[in-house]
Structure formats: structure tokens, C-alpha cells
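Here, residue 1 is the first one in the sequence, and each next residue gets the next number.
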Amino acid sequence: MLSLLCVLTTLVAVHATYSIVATDATTRQVGGAGATCLNNTDVFEALYVSVPNRTVLHTQGLLLPRNSPILIAAKDKMMNSSFTGDDLDDILNTMKELDKDIWAPEWWQGEGIPAVDLRQYGIANFASSSAYTGGRLTGLYAELFKDYDTEEYDVGGSVTTANGHSMMYHALGNIVSEGTVDFLAEGFSSSSSDDLAERLMAAMSSVVAGKAGDLRCLNADGSSTSATGAYLRVDNADGTQFVHLNIIGDFTTEPVERLQKEFDEWRASVGKLGPSEAPSEA
């Protein structure tokens, strides 16, 4: 019984999450959006790492503290990357190598789990995208909650818009319903917009439209939301914020619908402006 209590307590640090990272080589913007089912949790602070004009990274699953040496090393490599797919793989391999001797608590029947097996990362620069999904995320939830229908998956790609914007993206999710990650990817890639922020919003809204999302919220008594909190962020090349929206919610409302409402209000206030014209924050 004590072992199970330790498991349930420590699981707070394991985000079941769906998210997407993306870049626009034309505007030199980087950004991401994501959602999770943890009450009153700031998912932006938990996931988002960027080096404007270069690379964007999401860290989910078993969370890394923002001052983790693993993240510090990753960000250093992001700052010195040269925009190739090999650079992204080097960043992810460095993160995994630094993580290999870290063990999660003895969660299940006295068995320790390598922390790297419970992480999930998605990363993109202006030339490529990549991801890593730990192999024990599915097994942990299946053992604890006898839920074998979760999805731990990632998919990436590129799109060229009608006006020639070249964008990279990578969608990822863990402990989510089947199809969640594909909804993210399809929402982003099928949008007709030249605007990175609008495509990220379309990706998130596609999950809700598909009645997909974080299984903990979808299966919760009295809740049919895809998550509790959600965010959307795009950084300009000069390091200013093009847009930053962050919903820290509970189980009472659908956070992606609230995110869409705030996005529409923000978009109406700035109009159809490019990143060099829209108001930004330092």
C-alpha cells in the first residue's frame, strides 16, 4: 500500500501531455503549443524551451526542472546549432546521455525505472525536426491503472505555404487517446495560413474537434475535457514575444476552447500583421 501511495504522489511529476513545436524559416519565428491534465498547473513553464531565431524544444513525460543540467546542456547546444537534422539528434542524444544514470523512484513493486525511459522530447529548427519518446511511459500507466489504450507517439514533417513560408513541425503526446498526435499534425499541416501562430492554434483545436486528448481528463468522472491547462507561444527572431497565451485551469472548462477565444481576441487586436509589425513584449 505504501508503495502505491508513493507512486501516486510522484506521478504528479509525470505529465500526460499533447503538444507541438514548430518553426517558420521565412519569418525566423519559433513556437509551440501544448496541454495537460494537471489541475492548476502551468504547462508552458513545464514544457517550453526556445532559443529564438534557432530552435524550439518541448520536454514532457517525467518533467525536467528548468535548472536541470540536462536542460542547460541542451540549450547551450541549441544556441550553437547550425540548423541541420544532425544538430537536433545531437541535442537529443546529449540529453539522453546525461540522463542515463538518473533513476525515477522505486514506483512499482520496488522496481526503479531509468528516468530517461519516462521522458518525451520534441524539437525543431528551420531545417528539420526530431523527437524522443521513452519506452516505459506506456507500461507504467498500464501497470498502475490497467489502461492499455494510451498513445505514446510522435510525428513530424514540413509544409510550404501558398505564399512560400517554409515551416517545420513535430507533434507528440503521451498517455493520450488514440489519434491525438495525428490530429495535432493534421491540424497544423492542413491549415491554409501563412502565420505560424494560427497553424499552432489550428493544431490544438483539431484535438478537441476530434474528441481526443489527455486520457486522465477524458476518463475523469464528470469531465469530458481534453486537458485542464493549455498554452500557445511564438517567439520572434529578435527574442521578443509575438504571442503568449497561457490557460492555467481546472476540470470545469475546456482549456483549448478558452485558448482559441483568447487567440481570436488577440488576433483581432493586432490584425493580420507580420512578426515585424505586430506588438511584441521583451
Side-chain angles (χ1 to χ4, degrees), residues 15 17-36 41-60 63-67 71-72 74-76 78-81 83 91 121-126 129 161 165-172 184 187-188 191 193-205 227 229-249 255-282:
H15 271 36
T17 307
Y18 61 91
S19 73
I20 181 169
V21 292
T23 65
D24 182 343
T26 304
T27 63
R28 310 300 290 183
Q29 290 179 321
V30 302
T36 192
T41 296
D42 188 332
V43 64
F44 167 76
E45 289 293 338
L47 267 64
Y48 190 80
V49 181
S50 78
V51 175
N53 198 30
R54 287 191 175 274
T55 315
V56 59
L57 168 70
H58 274 178
T59 64
Q60 57 195 53
L63 294 180
L64 285 166
R66 297 297 91 177
N67 62 350
L71 272 187
I72 293 170
K75 195 162 186 177
D76 181 65
M78 290 163 67
M79 292 177 68
N80 293 287
S81 63
F83 310 120
I91 292 166
Y121 306 133
I123 191 168
N125 61 18
F126 298 120
S129 73
T161 73
H165 287 238
S166 178
M167 298 183 181
M168 305 301 306
Y169 68 90
H170 215 102
L172 56 157
L184 280 169
F188 184 91
S191 170
S193 178
D194 290 324
D195 183 67
L196 184 66
E198 287 195 6
R199 283 182 176 260
L200 288 170
M201 190 67 251
M204 297 294 287
S205 293
Y231 89 92
L232 187 152
R233 167 72 167 256
V234 173
D235 293 320
N236 291 322
D238 63 2
T240 57
Q241 298 173 17
F242 181 60
V243 59
H244 177 76
L245 304 172
N246 195 15
I247 306 297
I248 302 174
V256 176
E257 291 178 352
R258 290 176 59 191
L259 191 71
Q260 179 74 67
K261 182 176 184 293
E262 291 193 9
F263 182 86
D264 292 342
E265 292 170 351
W266 167 81
R267 177 54 76 193
S269 72
V270 301
K272 298 289 185 178
L273 301 178
S276 63
E277 303 168 288
S280 59
E281 300 177 20

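Looking at Leu57 and Leu71, their side chains come closer than 4.5 Å, going by heavy atoms from C-beta outward. Here the side chains of Gln241 and Val243 are not in contact, with every heavy-atom distance at 4.5 Å or above. Contact of the Ile247 side chain with the Glu262 side chain is registered, since non-hydrogen atoms from C-beta on lie closer than 4.5 Å. Residues Ile123 and Val21 fail the side-chain proximity criterion, which asks for heavy atoms closer than 4.5 Å. Between Gln29 and Phe242 the shortest side-chain heavy-atom distance falls below 4.5 Å. Phe263 is not listed as a side-chain neighbour of Leu259, based on a closest heavy-atom distance of 4.5 Å or more. The closest side-chain heavy-atom distance from Glu45 to Asn246 is not below 4.5 Å.
When each of Glu257, Arg258, Glu265 is checked for a side-chain contact (heavy atoms from CB on, under 4.5 Å) with Lys261, only Glu265 meets the rule.
Once rounded to the nearest 0.5 Å, the distance linking CD of Gln60 with CG of Leu47 reads 5.0 Å. Atom-to-atom distance recorded for His170:NE2 and Asn125:CG is 12.5 Å, nearest 0.5 angstrom. Atoms CE and OH, from Met204 and Tyr231 in turn, are 8.5 Å apart once rounded to the nearest 0.5 Å. Arg199 CZ to Met167 CE: the interatomic distance, rounded to the nearest 0.5 Å, is 5.0 Å. Separating the CG atom in Asn236 from the OG1 atom in Thr27 is a distance of 7.5 Å, to the nearest 0.5 Å. Here the straight-line distance linking atom CD1 of Ile91 with atom CG of Asp76 works out to 9.5 Å at 0.5 Å rounding.
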The test is salt bridge (Lys or Arg N to Asp or Glu O under 4.0 Å); show your working for Arg267 and Asp195 and say whether it passes.
CA-CA 11 Å; Arg267 177 54 76 193; Asp195 183 67; 2.6 Å; yes

Does His58 form a side-chain contact (heavy atoms from CB on, under 4.5 Å) with Thr17? I'd like the steps, not just the answer. CA-CA 11 Å; His58 274 178; Thr17 307; over 6 Å; no

* side-chain contact (heavy atoms from CB on, under 4.5 Å) between His244 and Leu232, intermediate numbers included -> CA-CA 6 Å; His244 177 76; Leu232 187 152; over 6 Å; no

Self-check item: Residues Tyr121, Leu172; criterion side-chain contact (heavy atoms from CB on, under 4.5 Å); working and verdict
Solution: CA-CA 8 Å; Tyr121 306 133; Leu172 56 157; 5.8 Å; no

Please evaluate residues Asp24 and His165 with respect to the criterion side chain to side chain donor-acceptor pair (under 3.5 Å), reporting the C-alpha separation (whole Å), side-chain torsions for both, the decisive distance (0.1 Å), and the verdict. CA-CA 7 Å; Asp24 182 343; His165 287 238; 2.9 Å; yes

- Apply the test side chain to side chain donor-acceptor pair (under 3.5 Å) to residues Tyr48 and Asp235: give CA-CA distance (whole Å), side-chain angles for both, the deciding distance (0.1 Å), then the verdict. CA-CA 11 Å; Tyr48 190 80; Asp235 293 320; 2.8 Å; yes

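Shown here for Ala124 and Thr23, the closest heavy-atom pair between the two residues is O-CG2, 3.7 Å. In terms of heavy-atom proximity, Met168 sits nearest to Ser129 at CE-N, 4.1 Å. Closest approach of Met78 to Thr55, counting heavy atoms only: CE-O, 3.6 Å. Taking every heavy atom of both residues into account, Thr161 and Ser193 meet most closely at CG2-O, 3.6 Å. Residues Val30 and Pro52 come closest through the heavy atom pair CG2-CA, 4.2 Å. When every heavy atom of Ala171 is checked against every heavy atom of Leu184, the shortest pair comes out as CB-CB, 3.8 Å.
A donor-acceptor pair under 3.5 Å is absent between the side-chain atoms of Thr41 and the main chain of Val43, judged by distance alone. Judged by distance alone, the side chain of Arg28 and the main-chain N or O of Thr26 form no donor-acceptor pair under 3.5 Å. Not a single donor-acceptor pair under 3.5 Å links the side chain of Arg233 to the backbone N or O of Phe44.
Using a 30° and 60° split on the angle between ring planes, Phe188 and Tyr169 fall in the tilted class, from 30° to 60°.
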